[in-house]
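In what follows, chains carry the letters A, B, and so on, assigned in the order in which the sequence lines appear, proteins first and then strands, with residues in each chain numbered from 1.
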Amino acid sequence: MKKSDQYYLTTPIYYTNAAPHIGHAYTTIAADVIRRLKRMQGFDVILCSGTDEHGVNVERAAVAAGKTPLDYTNLISEEFRRQWEILDLKIDRFQRTTAPNHAEVVRDLFERCLKNGYVYKGHYSGQYCIYDNLYVNEAKEGDPCPECGRTTETVAEENYFFKLSAFQDRLLELYEKQPDFILPETRRNEVLAFVKQGLQDLSITRTSIKWGIPVPNDDKHVFYVWFDALSTYLSAVSGENRWPADLHLIGKEIVRFHAVYWPAFLMAAGLPLPKRIFAHGWLLFENDKMSKSRGNIVRATPIKTVLGTDALRYFLLREVVFGQDGSFSYDALVGRYNSDLANGLGNLASRTVAMIHQYRGGIVPASDGHQQVAQSAKELTGAALDAYAKFEFSKALESIWNLISTVDRMIVEHAPWKLAKSTDPVHVQAVSDTLYTAAEALRIVTALVSPVLPESAAKIWDQLGFDTSLDDARESDLHWGHLRAGQKLRDAYGVFPRAEVKPSIDQMKALEKEEYARQQTLLGKTVEAEAPKATDAPIAPLAPAISIDDFVKVDLRVGLVKAAAPLKGTDKLLHLQVDIGEAEPRSIVAGIALAYKPEELLGRKVVIVANLAPRKLRGVESQGMIVAASLEGGLPVLAAFLEDVPVGSRLK
RNA sequence: GCCGGCGUAGCUCAGGUGGUUAGAGCGACGGUCUCAUAAUCCGUAGGUCGUAGGUUCGAGUCCUACCGCCGGCACCA
């Protein structure tokens, strides 16, 4: 049985199709901060992270790199682990989906679900168009393909299905009873809307994939992504009595899997549910989504090298409202570093320690401190802890910096450097009061920021003369007056040296290039060979072989876009008029509105499937189809020619 | 198209149940101090609170419409 003082939290299980970047670091840093906060509250905390290593994408990437899937994922998994080490993130359990203990847990979960009647072997059977590689759900035997008009074939395929449909009510009840099961609220609303509109059973195995965990007693099948990956949260603590997790920290793109599928799997298996799911937002790069195709991915290690890990941690948690999207930029990073860390906390530590050395021989003087500051400290500490408890990191840090600024003001107001020249006992005590107040407030601030700035806080802690580890600090240590008179301070040294803006940005950018090159070399050609955004969506298997006669049936033509307009009522559809050399331009509806603006298509040459049977889309007849590369999870890219070609030419 | 969120100083954002001159931090500018990391501290400038109506004695705060942005769903064959 799990003990009440235990806290189990997880990061997502990162997919090993790409090397770690700042986005992975963001989640993991946040988890590390929560881990330290919970420890401060006295919990026995463990943090689990890991790598999700199965699936087609990994299989393909491995082949492309000339490696076996396992060799390949060994490499990337190790790269993730190394990354967390470099960033001083303590991962208590690092679980790989390729580990033997994990396979056992997955099979066990499956068998529990099976035994309880929530898994069935589905014979998907239905109409299938072999030409378009398309399942036509609504068609009956002998019906034509809506795409090409040719007769569909009846196919039957075996898959294991999970009866997700049986859990709609229970899930809604869960969300109702535990309103904070999914945070923030906006994500909860989305999940509610999704579940309320009805749930379909989920296919949880594949026969087309080999790189995965075989289904018990039926090893033609391999578990498909979510059944496999989500179980990691169980396998990371198998045999430890740690389950259920207190918190799954995730990115907003995987909310559905964690908030719908995962609880349903666990309900089906009769296992306890996680207590809470928190989805943070995305880290944008200067308002653009980071992506390989844009080439604007940032890695964490160059930032560590130039400004230190704490600078990165502070920036991410202070600048970004946790739960919302936030943007990263080098300017903002260095700005925050200088104004908040160097000029704020760093300078306060520096001046406080220096003055006590200078005016009191490095010994903390006896005093109760200024009561006004003590009062502010009490209030602001309370506010910060409240915010921390709600994962409102930016708010918590704001409160703490408020206290720093209060202390700075107090120091100027009492100007100890003036009174220190006097031997009047009243003045002597006044100086002591000011110095004690500054040191005690600094002590509290340091302990309070230590979950976010562990490395720097430890340095200040050391300068204040403590021998204990800040890791052992507890919330009760935050009360005013714990600093003892007579404590001997250590020498002062800079904790956050001020950064020159341009040189440090240049240096980070240079290191960023090196780091990118290093990762690329590590992974061989695979980094470049990858699709811009790889997801775990199934990759369509190669269509069946056709003869040249079959190919000739497809009439591809060069067309010129004469007109283009959005199709109202849709996000993705454009209505085009395309001249392919006929008397009238063709009316073609294409799902490319997210990738292309109508005006940039005008006058552009495109490739058209000219003999595709016409079909109405949203009430508009589409007399053909535009040929485009369809990237997984990405935007379509139109086929085009490098040389100019006449309108109407046929492609062979 | 449906559902939800947002639009407040150059930037990032606060502004329960409507009530005197709309706030903070950063940045800019001016000044001050010297314990300190050319830091601190004090002060100044800057906002028709997306637009247009409406309710009200009174609206950034409520209502309606519209515009723009962001999510989710639908849609994308």
Side-chain angles (χ1 to χ4, degrees), chain A residues 129 131-136 145-149 184-198 252-253 255-256 279 281-282 284 287 289 318-321 324-327 329 331-332 335-360 394-395 397-398 401-402 404-405 407-420 431 434-435 438 492-500 567-574 589-595 609 612-618 622 624-626 628 630 635-636:
Chain A
C129 172
Y131 302 101
D132 295 315
N133 188 34
L134 172 71
Y135 292 95
V136 190
C145 170
E147 186 65 6
C148 62
E185 204 180 339
T186 163
R187 303 273 92 91
R188 176 176 182 266
N189 292 341
E190 287 171 11
V191 169
L192 275 175
F194 175 76
V195 174
K196 275 181 183 160
Q197 80 178 15
K252 67 180 185 181
E253 71 282 3
V255 167
R256 185 186 304 169
W282 284 340
L284 311 173
N287 296 324
K289 200 175 158 185
R318 173 63 242 259
E319 186 83 6
V320 180
V321 176
Q324 296 179 17
D325 289 353
S327 79
S329 77
D331 278 340
R336 278 286 177 197
Y337 176 84
N338 278 333
S339 71
D340 294 6
L341 295 178
N343 299 351
L345 178 56
N347 183 56
L348 177 63
S350 172
R351 71 197 307 201
T352 301
V353 175
M355 279 193 287
I356 292 176
H357 275 293
Q358 202 164 322
Y359 303 132
R360 288 295 180 271
S394 55
K395 218 184 240 183
L397 292 168
E398 210 178 316
W401 257 254
N402 222 319
I404 290 175
S405 144
V407 179
D408 270 332
R409 253 177 284 138
M410 182 279 296
I411 293 174
V412 170
E413 193 186 327
H414 293 89
W417 46 89
K418 284 181 184 160
L419 298 181
V431 170
T434 301
L435 296 184
Y493 56 92
V495 178
F496 300 107
R498 204 181 153 75
E500 293 292 324
L567 195 58
K568 65 176 174 182
T570 68
D571 285 344
K572 298 189 181 175
L573 301 182
L574 289 186
V589 178
I592 55 172
L594 295 180
V609 183
L612 194 62
R615 191 188 175 190
K616 274 197 171 182
L617 286 171
R618 288 258 157 182
S622 183
M625 180 174 122
I626 287 211
S630 69
L635 298 173

Exercise for the section: Mind checking Tyr359(A) for me? I need base, sugar-phosphate or nothing, with any heavy atom below 4.0 Å counting as a touch. Expected result: sugar-phosphate
Practice task
Please measure how far the P atom in G43(B) lies from the corresponding atom in C26(B), and state the result in whole Å.
Solution key: 13 Å
Exercise for the section: Check the pair Glu190(A), Val255(A) against side-chain contact (heavy atoms from CB on, under 4.5 Å), reporting the backbone distance first and the verdict last. Expected result: CA-CA 9 Å; Glu190(A) 287 171 11; Val255(A) 167; 5.9 Å; no
Exercise for the section: Using a 4.5 Å cut-off on heavy atoms from C-beta on, say whether the side chain of Thr186(A) contacts that of Gln324(A). Expected result: no
Problem - Whether Asn338(A) side chain and Ala499(A) backbone form a donor-acceptor pair below 3.5 Å - result: yes
Exercise for the section: Using a 90° cut-off around 0 for syn, call G46(B) syn or anti. Expected result: syn
Handout entry: Distance, P atom - from C11(B) to G54(B), rounded to whole angstrom
Key = 31 Å
Exercise for the section: Enter the distance from Leu348(A):CG to Trp401(A):CH2 here, rounded to the nearest 0.5 Å. Expected result: 10.0 Å
Exercise for the section: Please work out if Ala342(A) contacts a base, only the sugar-phosphate, or nothing of the nucleic acid, heavy-atom cut-off 4.0 Å. Expected result: base
Problem - Other residues, nucleotides, ligands: >12 heavy atoms within 6.0 Å of Lys252(A) NZ - result: yes
Handout entry: Pairwise C1' distance for G25(B) and U21(B), with rounding to whole Å
Key = 22 Å
Exercise for the section: Write down the distance separating the C1' atoms in C3(B) and A74(B), rounded off to the nearest Å. Expected result: 11 Å
Handout entry: Among C35(B), C76(B), G4(B), the one nearest Asn189(A) by side-chain distance
Key = G4(B)
Handout entry: Euclidean distance, atom CD of residue Gln324(A) to atom C1' of G5(B) [Å, nearest integer]
Key = 10 Å
Completion exercise
Whole-Å distance, Asp325(A) CG to G5(B) C1', equals 12 Å
Exercise for the section: Look up atom CE in Met355(A) and atom CZ in Arg360(A), then write down how far apart they are to the nearest 0.5 Å. Expected result: 11.0 Å
Completion exercise
With both pairing distances under 3.5 angstrom for Watson-Crick or G-U wobble, and | for a partner in another strand, the correct string for RNA chain B is (((((((..((((.....[...)))).((((.........)))).....(((((..]....))))))))))))....
Practice task
Using only heavy-atom distances, determine whether the side chains of Asn347(A) and Arg498(A) contain a donor-acceptor pair under 3.5 Å.
Solution key: no
Practice task
Identify whether any heavy atom of Gln197(A) sits under 4.0 Å from a base atom; if not, whether one sits that close to sugar-phosphate; answer base, sugar-phosphate or nothing.
Solution key: sugar-phosphate
Exercise for the section: Map Glu190(A) and Lys395(A) onto RNA chain B by nearest heavy atom, then report which one ends up closer to the 5' terminus. Expected result: Lys395(A)
Handout entry: Interatomic distance at P, G16(B) relative to G10(B), whole Å
Key = 22 Å
Problem - Close side-chain approach of Arg318(A) and Asp340(A), heavy atoms under 4.5 Å - result: yes
Exercise for the section: May I ask you to say what Val495(A) touches in the nucleic acid, namely base, sugar-phosphate or nothing, with a heavy-atom cut-off under 4.0 Å? Expected result: base
Handout entry: Nearest-angstrom distance, C1' atom, C70(B) to C33(B)
Key = 47 Å
Completion exercise
Leu574(A) atom CG is separated from C76(B) atom C1', nearest whole Å, by 11 Å
Problem - Interatomic distance, Tyr493(A) OH vs A36(B) P [rounded to whole Å] - result: 18 Å
Handout entry: Toward the 5' end of RNA chain B, by each residue's nearest nucleotide, Val589(A) or Phe496(A)
Key = Phe496(A)
Practice task
Using a 4.0 Å heavy-atom cut-off across all strands, classify Arg336(A) as base, sugar-phosphate, or nothing.
Solution key: nothing
Handout entry: Asn402(A) CG to G23(B) P, straight-line distance once rounded to whole Å
Key = 17 Å
Problem - Short side-chain to backbone donor-acceptor contact, Ser350(A) and Gly346(A), under 3.5 Å - result: no
Taking N or O atoms only and anything under 3.5 Å, show me the protein contacts with nucleotides 40-43 of chain B, one pair per line.
residue	atom	partner	partner atom	Å
U40(B)	O2'	Arg351(A)	NH1	3.0

Practice task
Please state how far atom CD in Glu185(A) lies from atom P in C3(B), giving the value in whole angstrom units.
Solution key: 18 Å
Exercise for the section: Indicate whether any N or O donor in one side chain lies under 3.5 Å from an N or O acceptor in the other, for Glu253(A) and Trp282(A). Expected result: yes
Handout entry: Atom-to-atom span, CG of Leu192(A) to C1' of C2(B) - whole angstrom
Key = 17 Å
Practice task
Find the distance between CZ (Arg256(A)) and CZ (Arg187(A)) and round it off to the nearest 0.5 Å.
Solution key: 12.0 Å
Practice task
Give one of base, sugar-phosphate or nothing for Gly335(A), where a contact means two heavy atoms less than 4.0 Å apart.
Solution key: nothing
Exercise for the section: Determine the interatomic distance between P on C29(B) and the same-named atom on G18(B); round to the nearest Å. Expected result: 43 Å
Handout entry: Distance, rounded to the nearest Å, where Tyr337(A) contributes OH and U12(B) contributes C1'
Key = 21 Å
Handout entry: Rounded distance in Å between the P positions of U61(B) and G53(B)
Key = 14 Å
